[in-house]
J.: 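If you scroll down you'll find the structure; I have some questions about it.
Letters A, B, ... mirror the listed sequences (proteins, then strands); counts begin at 1.
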Amino acid sequence: MKINDVILQTITKVVVFIILTFGVELFFAGHNSPGGGFIGGLVLSSAFVLLFLVHDIETVQQGIPVDFKKVAATGVLFAVGTGVFAVLFGSAFLTQTFLTVNLPVYGETELATVLLFELGVALTVVGTVVTIILSISEDV
Amino acid sequence: MFTITMAIFIPFLAAIFVPFIYKWKPRAIGWFVLIFPLLLFIGLARLIPAVAKGDTISHTFQWIPSADIHFTTYLDGLSLIFGLLITGVGSLVILYSIYYLSSRESLGHFYVYLLLFMGAMLGVVFSDNMMVLYVFWELTSISSFLLIAFWYHRKQSRYGAQKSMLITVSGGIAMLAGFIMLYAMTGSFSIRENIAAVSQITDHVLFIPAMILVLLGAFTKSAQFPFHIWLPDAMEAPTPVSAYLHSATMVKAGIYLVARFTGVFGGDAVWFYVVSSVGIFTLFWGSFNAVRQTDLKALLAYSTISQLGLVMSLFGLGSAALYEGYSGSSVVYAQATFAALFHLLNHSTFKGALFMVVGIVDLNVGTRDVRRLGGLMAFMPVTFTIALIGSFSMAGLPPFNGFLSKEMFFESMIAVRQLEFFSIGSWGTLFPVLAWIGSVFTFVYSMIIVFQTFFGPHQPERLDRKAHEAPAGMLVAPSILGLLVVAIFFFPNVVNDYLLRPAMAAVYPSLSGIGEAMPKIEAWHGPNIALWMTVGVIVVGILLYVSFKYWRSMYKVEPLRWSLDSVYNGSLTMLEKGSTLLTNRYMTGYLRHYLIYIFGFFLLAVAGTMTLVGGVSFDFSNDSPIEANEYILVSVMMITGILMIFISSRVTVILLNGVLGYSIALFFVIFRAPDLALTQIVIETVTTALFLLCFYFLPEMKKEKPARSSKVVNGIIAISAGVIVTVLGLAVQGNKMFDSIASYFENAYELTGGKNIVNTILGDFRAFDTMLEVVVLFIAGLGVYTLVKLKPRKEERDLED
Amino acid sequence: METLITILVGVLVAVAVYLLLSRSVIRIILGSAVLSHAIHLLLMVMGGLKKGGVPLIGEETENFADALPQALILTAIVISFAVTAFLLVLAYRTYQEAGSDDLQELRGFKNE
């Protein structure tokens, strides 16, 4: 599927970054407003899918030399790992904790271990979705 | 610190490391594995003095407290004997197998299976909780299956493995049912608590069924008639395995079970009769059939069956001691149990040695057929000596340990005649008679092993390889066992004081001091009936052995020729045919039929329950108002849905599906669920892209032209499913029986520091679900990847066809 | 509102079941997708509709919409995506290997 669509490609370059930023924003917003690991991950992966649609696979993979299977595996490891981590501290499996700190510029900020868990979720979602799409489209 | 719980898990943990060590140093693997049983043996042996004093060690950790299943380990005299046998014979067998198995075999698998078995077996003898015992019990069956099928390219190995698995596992399931019945009666899965509660349950309706079911488990495992047929076929396993599992340990698990449950069921006439008569008949039948075998291993298999029968019958007689509590006569009957425990130990020593000898002969000259063997004494003097010791001990001759336990066996059998309860009458005479006949045949086949293999003319032209003595390392293990056979004869009371008496106390927990009441074991106690019986065995045995070729044809006479194997094979074939026939009736290989079953059942179950309960009432008063845009959305979705059925253009259908998805996203917005709306929109986009991508490769949908009748069936099922779901949904809304638990999650900010309640449920409250969900997603991704990437290559494809 | 949505769920279930019972693999996959849509809506209805504000603490509202079904649905959406993707690829690989997407033919029979 070689598409030579200059307008689409140009717009994509801009749009992908907007989508990526939006995805990251959604991911971090997750604990307090709509968003979170799933949505963040899905939005991020839709950005990648768009890239793969507009450019061909080889080009994108040269630009982003990442094995998305490994991304997914890392995600699962993170999600399970935070649970094990809690056990090491003597709590039940997957216990999350949080604390609020006052950063100089940023103001009152909440630091929660759930963020690590959500990071695992997001990485798994990105890795899996992109792996699925790539597997099929490479198999011509 | 060494605990019994650890002892169970050490073999399992060691098994994890075997593959890595094997990869690193394939030759050293046997020596690595040897460390563990040796350490366990030493650890258990250090506990002997404490247990001999009457101590017991118990340790519990909670496993499934809600179901009364605790991981309780319990060490007393009985489990200690078995523990020592398992680890001791295990060490020797591993030492032997280092030399027996060539390095070309897949040793990694072998030792993993062996360690699994060892751990499972320790679990069986050390568990106090019946459910835990059951789990380990089946695990021994499974590891035995794996070991028998070790040479899985042979048809006979696979057959033998399957047979032993089917028989022992079905016995195990019967035993499980028995355990559950016991639980129903006493309310506890602990064996000790059951023994304590036994006086309340003897009149219970389930008492006898539970007993029979537990015995089924014991009899199948210990190869008692008529379940003995699996043991000869299990001899397809490598010889170290036969020596370990199928003579010294696993087959004795059934004996262990009978000994352990004597405290529960002993004292009942049914238990007495079933255990002792099955045992004594197995003794006779096994020894009778052993004589006609020409394969040395098959001979040993039947001999094991018969010896197990001997031990079993002794335990049966010994249970009579519990009939009238502690008294002079109960000591007499308890001596049967005492003899059983002693013979159990002796059997492991001499039979283990004999199996190893047969393995050496087989490996050296390439055959185990007694008709081709002969005159090996000159070539293999050490092997011959061990074989002589083992066989003569088995035949019950002095100065070997078999003589002592055989004498005690005869004495117990004679004592049965004096039994005054259980209305035994003149049937009691049958026991010593059968015991004597069985012993005569035992003598004959023991002589066959020695004389036909090592004496007589040497026939080098009929052997595959030239005979020579085995390497020294290989002889170590059987020599140790042979030495034990002699040593126990001369110092039986060491064994008696340290092992047998504590074990007696464990078998009869209600009869305190029974261990001390047991007499000293002595080789010579005057010319009594038992001694004359032994003399008779020797005389008649020699006569029969000499004249064997004249009466050999007796095995061809009708009822003696029968074998239960044909019954087993026949019923297996019938079962397979029957189930294939039945399964093919409904498993048509067509998805539509399966879905019809599923939806049909769903409809029947739900509609049936609703009419039975009669709880269908609607209440619309609580409904929220509907706005115009929502009417539009609902009607759009309905029309889209119905259109999907009738349109056959793929792209259109996909887009219609997309319309449904996006409309639902809109609904999520209306229903105050912003997270869902966002997720739904993105997912719908990705799904549609995925559909389009796949459709690039898939064919255009054909206009379906099914028969009118099946179309009608589909329609009816579909519409009724819709109706049922609607009715169910409405009924549930009209009758809320419980308050919503959602209010708990509204404290999210205090509990988790998050303000988005939905996300705190996902990440904090119910993180376990989310974690598993992530794993499922990952598995799906891997599944897709492997489906697409892993295709059979051209040559492999040819092979498959 | 609840009644109307429940009826919509019923219609969607009927459509989904009809699609699932057909012979073409694609229709079956679509059927499973429609079925999961229907079930998501049903879950939503069970928590009550439009009974409260967005479940975000800090919004100026007294009572929130039931958050539990929302969490359940969020999980279900992702899982149903995974299932759909897997089924699609399964269908595609089956077609590549067997040359048909008709279940009746795949079973080895030409006609019923």
J.: Under a 4.5 Å cutoff for heavy-atom pairs, which residue among B:Thr770, B:Thr760, B:Thr685 has the most contacts with chain A?
T.: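 It is B:Thr770.
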J.: Which heavy atom of B:Asn759 sits nearest a heavy atom of A:Gly36, and at what distance?
T.: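 What the structure gives for the nearest pair is ND2-CA, 3.8 Å.
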J.: Rounded to the nearest 0.5 Å, what separates atom CG in A:Leu42 from atom OG1 in B:Thr679?
T.: 6.5 Å
J.: Would you say CZ of A:Phe27 has more than 12 non-hydrogen atoms from neighbouring residues, nucleotides or ligands within 6.0 angstrom?
T.: yes
J.: To the nearest 0.5 Å, what is the distance between CZ (B:Phe778) and OG1 (A:Thr124)?
T.: 8.0 Å
J.: How many angstroms lie between atom CG of B:Leu782 and atom NZ of A:Lys69, to the nearest 0.5 angstrom?
T.: 9.0 Å
J.: Distance check, rounded to the nearest 0.5 Å: B:Leu777 atom CG versus A:Ile132 atom CD1?
T.: 6.5 Å
J.: Which atoms of A:Val130 come close to chain B, meaning under 4.5 Å heavy atom to heavy atom: side chain ones, backbone ones, both, or neither?
T.: neither
J.: So which part of A:Leu26 gets closer than 4.5 Å to some heavy atom of chain B, the side chain, the backbone, both or neither?
T.: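 For A:Leu26, the contact with chain B is made by the side chain alone.
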J.: Any chance you could measure A:Phe38, atom CZ, to B:Ile683, atom CD1, to the nearest 0.5 Å?
T.: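 Rounded to the nearest 0.5 Å, the CZ-CD1 separation comes to 9.0 Å.
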J.: Rounded to the nearest 0.5 Å, what's the gap from CG on B:Leu678 to CD1 on A:Ile39? Could you check?
T.: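 Going from CG on B:Leu678 over to CD1 on A:Ile39, the span is 5.0 Å.
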J.: Apply the side-chain contact (heavy atoms from CB on, under 4.5 Å) test between A:Val129 and each candidate in B:Val682, B:Val686, B:Leu690; give the one that qualifies.
T.: B:Val686
J.: Indicate the atoms forming the closest heavy-atom contact of B:Tyr785 with A:Ser135, along with that distance.
T.: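 Heavy-atom minimum between the residues: CD1-OG, 3.5 Å.
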J.: Other residues, nucleotides and ligands only: do more than 12 of their heavy atoms fall within 6.0 Å of CZ on B:Phe9?
T.: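 Counting other residues, nucleotides and ligands, CZ of B:Phe9 exceeds 12 neighbours.
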J.: Between chain A and each of B:Ile681, B:Asp675, B:Val774, B:Ile757, count heavy-atom pairs under 4.5 Å; write down the option with the most.
T.: B:Asp675
J.: So does B:Phe17 have more than 12 non-hydrogen atoms from other groups sitting under 6.0 Å from CZ?
T.: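 Not buried by this count: 12 neighbours or fewer within 6.0 Å.
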J.: Quick check on B:Lys789: does its NZ atom have over 12 non-hydrogen neighbours (other residues, nucleotides or ligands) under 6.0 Å away?
T.: yes
